[in-house]
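Keep in mind that what you see is a predicted model, and the values were worked out from it rather than measured.
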Amino acid sequence: IRHPKKRALLGAYAVKGKVWVAAEAAGVSRTVYYVWAEHDPEFAVAAGQAREEAADRLEEACRLRAMEGVVKETPVFHDGKHVYTVVETKYSDTLAIFLLKGLRPEKYRERSEVTHNGPAIKAIDRDAYEAV
């Protein structure tokens with residue numbers, strides 16, 4: 001892509017993952033993105049690649065948060081004065097679950113089973129039903 005605004009838009013999209021944020025960073029309206037994507041096949045392909053790159057970045061951020069955690073610092077005050085700071089690493093079990101479902105769907109997919117143990121329901125006699 002040679003057009004500088006298109007390059008800027010795609011670069012920002014690959015990093016931010018949101019069209020409106022990327023458009024703002026490139027100095028164009030977000031409508032322009034959709035016009036270019038519809039009328040410029042080269043741009044459309046590059047936009048798909050930028051989207052995939054953004055998804056890869058987000059997936060990596062989620063993986064890090066699930067496996068390595070995020071350090072959270074909470075200041076503790078007493079009588080209005082800072083006494084100490086609690087430092088703890090927070091992990092995301094929810095992100096870990098989603099990542100496992102994506103990596104091993106055959107093992108972690110949602111399962112449901114419906115069983116019927118009651119009496120069988122008779123088929124409706126359409127002629128009798130319509131006569132009513």
Between atom [atom1] of [X] and atom [atom2] of [Y], what is the distance when rounded to the nearest 0.5 Å?
{"X": "Glu24", "Y": "Arg30", "atom1": "CD", "atom2": "CZ", "answer": "11.5 Å"}
{"X": "Lys18", "Y": "Tyr13", "atom1": "NZ", "atom2": "OH", "answer": "8.5 Å"}
{"X": "Ile1", "Y": "Leu9", "atom1": "CD1", "atom2": "CG", "answer": "10.0 Å"}
{"X": "Glu60", "Y": "Arg65", "atom1": "CD", "atom2": "CZ", "answer": "14.0 Å"}

Do [X] and [Y] have side chains that approach each other closer than 4.5 Å (heavy atoms only, starting at C-beta)?
{"X": "Leu58", "Y": "Cys62", "answer": "yes"}
{"X": "Trp36", "Y": "Val28", "answer": "yes"}
{"X": "Val87", "Y": "Thr85", "answer": "yes"}

message: Hydrophobic clustering (ILVMFWY, side-chain heavy atoms < 4.5 Å, transitive) - are Val21 and Tyr34 grouped together?
response: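 Tyr34 does not cluster with Val21.
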message: Would a single hydrophobic cluster contain both Val15 and Val19, if residues Ile, Leu, Val, Met, Phe, Trp and Tyr are joined by side-chain heavy-atom contacts under 4.5 Å?
response: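 No; tracing contacts between hydrophobic side chains, which count when under 4.5 Å, never links both residues.
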For the student: nearest non-hydrogen atoms of [X] and [Y], plus distance:
{"X": "Leu10", "Y": "Ala46", "answer": "CD1-CB, 3.5 Å"}
{"X": "Tyr33", "Y": "Ala47", "answer": "OH-CB, 3.5 Å"}
{"X": "Arg63", "Y": "Leu99", "answer": "CA-CD1, 3.5 Å"}
{"X": "Ala12", "Y": "Ala25", "answer": "CB-CB, 4.0 Å"}

task: Can you sort out the partners of Arg109 under side chain to side chain contact (heavy atoms under 4.5 Å, CB included), two or more places apart, ordered by chain and number?
output: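 Only Glu106, Arg111 meet the side chain to side chain contact (heavy atoms under 4.5 Å, CB included) criterion with Arg109.
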Is a side-chain donor or acceptor of [X] paired with a backbone partner of [Y] at a separation under 3.5 angstrom?
{"X": "Asp40", "Y": "Glu42", "answer": "yes"}
{"X": "Arg7", "Y": "Arg2", "answer": "yes"}
{"X": "Arg57", "Y": "Ala14", "answer": "yes"}

query: Pairs in or reaching into residues 89-105: which pass side chain to side chain donor-acceptor pair (under 3.5 Å), with residues at least two apart or in two chains?
result: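 Every pair satisfying side chain to side chain donor-acceptor pair (under 3.5 Å) with a residue in residues 89-105: Lys101-Glu110.
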task: Only counting residues at least two apart or in another chain, list the ones meeting ring pair (Phe, Tyr, Trp, His ring centres under 6.0 Å) with Phe77.
output: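 Per chain and number, Phe77 pairs via ring pair (Phe, Tyr, Trp, His ring centres under 6.0 Å) with His82.
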